[in-house]
There are 2 protein chains.
Amino acid sequence: MKKERGFYTVRGYQMLNAENKTLTSSMEDYLEMICRTCREEGYVRVNQLAEMLNVRPSSTTKVIQKLNALGLVDYQKYGIIQPTEEGKAIGDFLLKRHEIIEEFLGILGIEETRLKDTEMIEHDVSLNTLKSIYVLNKFLSENPDIIKRYETFRKRYNVDDVIL
Amino acid sequence: MKKERGFYTVRGYQMLNAENKTLTSSMEDYLEMICRTCREEGYVRVNQLAEMLNVRPSSTTKVIQKLNALGLVDYQKYGIIQPTEEGKAIGDFLLKRHEIIEEFLGILGIEETRLKDTEMIEHDVSLNTLKSIYVLNKFLSENPDIIKRYETFRKRYNVDDVIL
DNA sequence: AAACTTTATTTGCCATGCCTAATAACCAGA
DNA sequence: TCTGGTTATTAGGCATGGCAAATAAAGTTT
């Protein structure tokens with residue numbers, strides 16, 4: 001009988017993470033959106049955030065309070081929301097991560113589901129893998145000939161008809 | 001004020017999925033492992049599965065009962081677990097998906113976190129994106145010259161030192 | 001077959017993250 | 001200032017997916 005140590009359920013990994021006091025996926029989503037908006041408009045409000053995330057304001061309040069307790073956003077009841085310095089630093093990383101994944105999917109030729117896939121995948125990529133994807137993006141955009149070859153290949157292969 | 005429809009939290013997407021009656025990530029993890037094991041040994045038992053997934057037997061029982069109710073596994077109390085035809089079909093897809101992601105990460109040069117990243121990402125990739133990654137893998141393995149170039153690039157770039 | 005061991009299930013608990021409905025605070029215009 | 005409308009918070013509820021402890025079933029030994 002082999003003692004299997006490798007596999008975990010998704011939830012299992014999440015719980016491991018929780019011990020390391022990293023943010024939950026949900027918190028990441030909120031913080032990311034807060035930073036995205038504040039970059040453009042200086043601050044966000046609960047309702048606005050809720051609408052952007054397709055979530056109810058009551059859910060938003062709860063998460064904001066947690067982020068506040070973690071010192072990642074400045075905010076008081078009924079007030080505006082802004083990231084702290086630390087929150088901004090993390091948010092910048094989250095936005096960068098988002099961009100990297102999205103760029104990669106773009107190169108891959110994914111159009112319709114790109115945003116959705118990005119949002120799902122971004123939470124799950126280790127820093128390690130993220131860096132590798134970043135480098136891959138760089139590699140490919142510096143070598144358009146390869147992208148050309150890939151696109152030809154992709155067309156000839158007819159992705160949509162691939163059966164797995 | 002823009003009516004933003006695009007963004008969702010991860011949980012939001014999961015709930016959309018739930019309406020379409022797809023499996024939860026957790027159920028996918030279990031079914032995948034059930035199929036993996038049954039391929040080799042013909043059947044699994046609760047404790048074995050629990051150990052392989054690093055989870056308690058009591059948690060396992062619960063999920064198995066759900067999978068059973070969905071008609072994806074054959075099983076009765078205190079008995080052995082085997083996928084039904086439908087369960088096997090889904091499981092085959094899940095295993096294939098796992099392989100595709102893992103192969104991609106392998107090509108990317110990810111070693112330490114490969115299994116973990118695969119397990120996290122696999123649940124979140126649309127069929128669309130999966131197929132594209134599949135084709136990318138094919139493309140790269142049929143063009144070892146490109147992989148060579150990428151590896152050189154990667155080394156020169158020194159992935160580990162990348163600052164995002 | 002009785003006793004013991006292994007295996008699995010049940011029960012009851014916890015946190016997350018969403019929801020709705022009720023309530024509270026804030027802000028303008030009359 | 002008070003009063004209506006907007007904005008935000010609280011309270012209470014639900015499902016998922018973990019856990020531990022108690023219980024039950026099955027299997028093995030003597």
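Just the heavy atoms: all of them, side chains too, but no hydrogens, waters or symmetry mates, feed the values below. All chains are named by letter (A, B, ...) in the order of the sequence lines, taking the proteins before the strands, and each is independently numbered beginning at 1.
For the pair Q48(A) CD and dA8(D) P, the computed distance is 9 Å after rounding to whole Å. Straight-line distance from the CD atom of Q76(A) to the C1' atom of dT9(D): 15 Å, rounded to whole Å. The OH-P distance, from Y8(A) to dG18(D), rounds to 13 Å in whole Å. In this structure, Y78(A) places its OH atom 19 Å from P of dG5(D), rounding to the nearest Å. Atom CD in Q14(B) sits about 10 Å away from atom P in dG17(C), given to the nearest Å. At whole-Å resolution of the value, CG in L49(A) and C1' in dT9(D) are 15 Å apart. One interatomic measurement links the two molecules: NE2 of H123(B) to P of dT16(D), which rounds to 17 Å at whole-angstrom precision. Computed from coordinates, the N54(B) CG to dC19(D) C1' distance equals 14 Å when rounded to whole Å.
Using a 4.0 Å heavy-atom distance criterion, K77(A) is classed as a sugar-phosphate-only contact. Among the heavy atoms of the strands, none lies under 4.0 Å from V63(B). As judged by a 4.0 angstrom heavy-atom cut-off over every strand, R56(A) is placed among the base-contacting residues. Contacts of T9(A) with the nucleic acid, taken as non-hydrogen atoms under 4.0 Å apart, involve only primed sugar atoms and P, OP1 or OP2.
The side chain of T24(A) places an N or O atom within less than 4.0 Å of a non-bridging phosphate oxygen (OP1 or OP2) of dG17(C). Within the 4.0 Å cut-off from OP1 or OP2 of dA8(C), at least one side-chain nitrogen or oxygen of R45(B) is found. Taking side-chain N and O atoms only, S59(A) has no distance below 4.0 Å to OP1 or OP2 of dC18(C). Regarding contacts with the backbone of dT10(D), a side-chain N or O of Q65(A) is found under 4.0 angstrom from either OP1 or OP2. Taking only side-chain nitrogens and oxygens, S26(B) comes nearer than 4.0 Å to OP1 or OP2 of dG18(D). Between dC18(C) and Y30(A), a contact under 4.0 Å exists linking OP1 or OP2 to a side-chain N or O.
Within 6.0 Å of CD in Q76(A) there are 12 or fewer heavy atoms belonging to other residues, nucleotides or ligands.
With dT7(D), dA8(C), dT20(C) as the choices, the nucleotide that has an atom nearest any side-chain atom of N47(A) turns out to be dT7(D). Across dT16(D), dT9(D), dA25(D), the shortest atom-to-atom separation from the side chain of K66(B) is found for dT16(D). Comparing dT7(C), dG12(C), dG17(C) against the side chain of K62(B) picks out dG12(C) as the nearest.
Between the D74(B) side chain and the Q82(B) main chain, no donor and acceptor come within less than 3.5 Å of each other. A donor-acceptor pair under 3.5 Å is absent between the side-chain atoms of R97(B) and the main chain of D92(B), judged by distance alone.
Mapping G12(A) and V44(A) onto DNA chain D by nearest heavy atom places V44(A) at the nucleotide closer to the 5' end. Both S58(A) and M27(A) sit near DNA chain C, but only M27(A) has its closest nucleotide nearer the 5' end. Of the two residues contacting DNA chain C, namely Y75(B) and R11(A), the nearest-nucleotide position lying further toward the 5' end is that of Y75(B).
In this structure, K116(A) fails the cation-pi test against Y8(B), since its NZ or CZ atom is not both closer than 6.0 Å to the six-membered ring centre and inside 45 degrees of the ring normal.
Scanning both residues, T118(B) and L105(B), for their nearest heavy atoms gives OG1-CD1, 3.5 Å.
The pair E32(B)-R36(B) counts as a salt bridge, with a side-chain nitrogen and a carboxylate oxygen less than 4.0 angstrom apart.
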